[in-house]
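Working notes for the structure below.
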Number of protein chains: 2
Amino acid sequence: MKIATWNVNSVRTRLEQIINWLTENYVDVLCLQETKVIDHDFPRIAFESLGYYPYISGQKSYNGVALISRQPLTDVNIGFGSILPDLASSWDEQKRVISGIFEGVRIVNLYVPNGSSIGSEKYEYKLSWLKILREYLQTLLLLNPDISLCGDFNIALEDIDINSQVKIANHIMASEQERQALKDVISLGFADAFRKFNSAGENYSWWDYRTAAFKRNLGWRIDHHYLTPSLYERAQSCIIDIEPRKLVQPSDHTPVIVEF
Amino acid sequence: MKIATWNVNSVRTRLEQIINWLTENYVDVLCLQETKVIDHDFPRIAFESLGYYPYISGQKSYNGVALISRQPLTDVNIGFGSILPDLASSWDEQKRVISGIFEGVRIVNLYVPNGSSIGSEKYEYKLSWLKILREYLQTLLLLNPDISLCGDFNIALEDIDINSQVKIANHIMASEQERQALKDVISLGFADAFRKFNSAGENYSWWDYRTAAFKRNLGWRIDHHYLTPSLYERAQSCIIDIEPRKLVQPSDHTPVIVEF
DNA sequence: GCCAGACTAG
DNA sequence: CTAGTCTGGC
């Protein structure tokens, strides 16, 4: 099974690139983040014409996630609330979570809040959001031990995941609190698929649009696949495809593909 | 002497097209309207690199005029107030007037208010503005009999200057009051350079972005060169260059060039 | 209806 | 730097 995660920074602006990529790169499920469009305006037909089944959760302007699947998914749920019914509904105002089962494996697709700057209101929201995420996954694990968790985490877990130009100390996406919050999540039983195959630095999935960061390879590895034990065992590869980042008018992120 | 007038609808958005046009079309002075940029952010160097001297009067978002000259201009003045010192300074809040002397000829570059719709507050402003303009030119004529007056007048003087699809009766840019106000201005001693050489209809300088107006040649001739008698006598040509309107992401106006 | 700039977010 | 929306002009 092949699963890709890609923050596309607007599914409508990037549609042609996404469709081209899908025709050249067979995957079972493509997990999109930052679709930036309400469900009514999501370009479903473009994906359906290719034989994919889209499952979407979007909003105006910001956030938005989608699962584009080769086969119909079962048990699709949107947001935290469907799994954590006692949760305040405000946690699902931002469309950041979608999930479904493909051939017995629960695919979870996330767009973790960016957090803006350390100590800000958005930073506190990010930390709280990650706590809810832990509860959400804990509950899902009770129902299914095989979870493939992916998305834009907006966190680089280790210093090696960040280009050396960055003053890491107290940088958003690299703070101790953020890393600990993410470690608390993966400690439920997940492992980073990319690091099964590659222990080297200078492997990034996101490059800031500013200051020609891509050309200078000043990136961050913040888009991840986390797998539960048996999936991790089965995993055959996890690669970052930097080609889409080279196109004109690219997303600032590039796809990461896991196969197990 | 060759003078061009061009409402560029943002000098920054159109910069490449303007520079290309200038390299392919030698003019002594290029008169720009709707530069839509404060003086600090005006792209002077692009013009200076081509050997031109820019004289500018701009504001944030709206209006803005500029003279781009092959030679340094003398006696440059901006707004009505420099010539009509008793005038309320509020008349120069909108940046619509710039003028300077090139080889003894005073070049006046205008962006006449559009007027929105007949009877509106903006319509009254347009009519009042044209009255001030008359005073302004009357004063300038005392100092120099040779004036080349051009710009976006937002008025079609005759029915022949308007495509036949338009219901002219009481249309903004074609009302009797607007036409009379402009006639009161040119009666100071100006004549329409374009009509010295061309009495035909279907010659337009502006086509609405909407409804594929350019493709169907549903335009208006609202960008003019008006010349005082001796310049009018000397005038050798006045042509509308529709080529820039054919480009991708064009201005809705196209240059009009007079030579005398 | 089509376009431009300001603003906000990343 | 690059999205989206909003506003305003024509």
Side-chain angles (χ1 to χ4, degrees), chain A residues 7-15 17 33-38 41 58-64 94 96 111-117 120-123 125-126 152 154 171-173 206-216 218 220 222-223 245 247-253, chain B residues 7-15 33-38 41 58-64 94 96 111-118 120-123 125-126 152-156 166 171-174 206-216 218-220 222-223 245 247-253:
Chain A
N7 178 323
V8 289
N9 188 14
S10 173
V11 70
R12 285 179 295 181
T13 301
R14 223 69 62 203
L15 187 58
Q17 292 182 24
Q33 302 92 36
E34 284 207 83
T35 54
K36 293 187 173 178
V37 65
I38 57 171
D41 295 336
Q59 67 185 90
K60 194 163 75 167
S61 304
Y62 307 118
N63 312 312
Q94 299 183 16
R96 297 178 174 278
Y111 176 47
V112 177
N114 169 279
S116 190
S117 60
S120 68
E121 209 170 283
K122 284 173 182 165
Y123 181 73
Y125 181 83
K126 180 179 193 171
D152 174 1
N154 271 315
H171 195 297
I172 190 70
M173 302 191 290
W206 172 77
W207 298 261
D208 200 309
Y209 282 124
R210 288 162 280 193
T211 65
F214 181 67
K215 216 171 64 181
R216 303 190 288 154
L218 300 181
W220 292 60
I222 57 178
D223 300 273
R245 182 63 243 240
L247 300 173
V248 289
Q249 267 206 308
S251 167
D252 44 353
H253 296 251
Chain B
N7 178 322
V8 289
N9 189 11
S10 173
V11 70
R12 285 179 294 182
T13 301
R14 223 70 61 204
L15 187 57
Q33 303 91 36
E34 285 208 83
T35 55
K36 293 189 173 178
V37 66
I38 57 172
D41 296 335
Q59 67 183 89
K60 195 163 76 167
S61 302
Y62 307 115
N63 312 313
Q94 300 183 17
R96 296 178 174 278
Y111 176 47
V112 177
N114 168 278
S116 189
S117 60
I118 292 172
S120 68
E121 210 170 282
K122 284 173 182 163
Y123 182 72
Y125 182 82
K126 180 179 194 173
D152 174 2
F153 285 78
N154 271 316
I155 297 173
V166 173
H171 195 296
I172 190 71
M173 303 192 290
W206 172 77
W207 299 260
D208 201 309
Y209 283 124
R210 289 164 279 189
T211 64
F214 180 66
K215 215 172 63 182
R216 302 190 289 154
L218 301 181
W220 292 60
I222 57 178
D223 301 273
R245 182 65 242 239
L247 300 172
V248 289
Q249 266 206 307
S251 167
D252 43 355
H253 296 252

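Order of the sequence lines sets the chain letters (A, B, ...), proteins ahead of strands, with each chain counted from 1.
Taking atom CD of B:Gln59 as the reference point, atom P of C:dA4 lies 18 Å away to the nearest angstrom. Rounded to whole Å, atom P of C:dG5 lies 13 Å from atom CG of B:Asn63. In this structure, B:Asp41 places its CG atom 11 Å from P of C:dG5, rounding to the nearest Å. Following rounding to the nearest Å, B:Asn7 (CG) and C:dA4 (C1') show an atom-to-atom distance of 12 Å.
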Pairwise N/O distances under 3.5 Å, protein to nucleotides 7-9 of chain C:
none

Next item on the list: Kindly indicate, with the supporting measurements, whether the criterion side chain to side chain contact (heavy atoms under 4.5 Å, CB included) is fulfilled by B:Ile222 and B:Phe153.
Entry: CA-CA 6 Å; B:Ile222 57 178; B:Phe153 285 78; 5.6 Å; no
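Put simply, chain A comes within 4.0 Å of DNA chain D, heavy atom to any atom, from D:dC1 to D:dC6, going 5' to 3'.
Side chain to side chain, B:Glu34 and B:Asn9 fail the donor-acceptor criterion of an N or O pair below 3.5 Å. Counting only N and O atoms by type, the side chains of A:Tyr62 and A:Gln94 include no donor and acceptor under 3.5 Å apart. Side-chain atoms of A:Asn114 and A:Lys126 form no donor-acceptor pair, as typed in the model, at a separation below 3.5 Å.
In this structure, B:Trp206 reaches the sugar-phosphate backbone alone: every heavy-atom distance under 4.0 Å involves primed, P, OP1 or OP2 atoms, never a base. At a threshold of 4.0 angstrom between heavy atoms, the contacts of A:Gln249 are confined to the sugar-phosphate backbone, with no base atom among them. No engagement by B:Tyr123 is indicated, since no non-hydrogen atom pair under 4.0 Å with the nucleic acid exists. A:Tyr209 comes within 4.0 angstrom of a nucleotide base, judged by non-hydrogen atoms across all strands.
B:Trp207 and B:Phe214 have perpendicular rings, their planes meeting at more than 60° on a 0 to 90° scale where under 30° would count as parallel.
Not a single donor-acceptor pair under 3.5 Å links the side chain of A:Thr35 to the backbone N or O of A:Val11. Proximity of a side-chain donor or acceptor of B:Ser251 to a complementary backbone N or O of B:Asn7 within less than 3.5 Å is detected.
The side chain of B:Arg14 contributes no N or O atom lying less than 4.0 Å from OP1 or OP2 of C:dC3.
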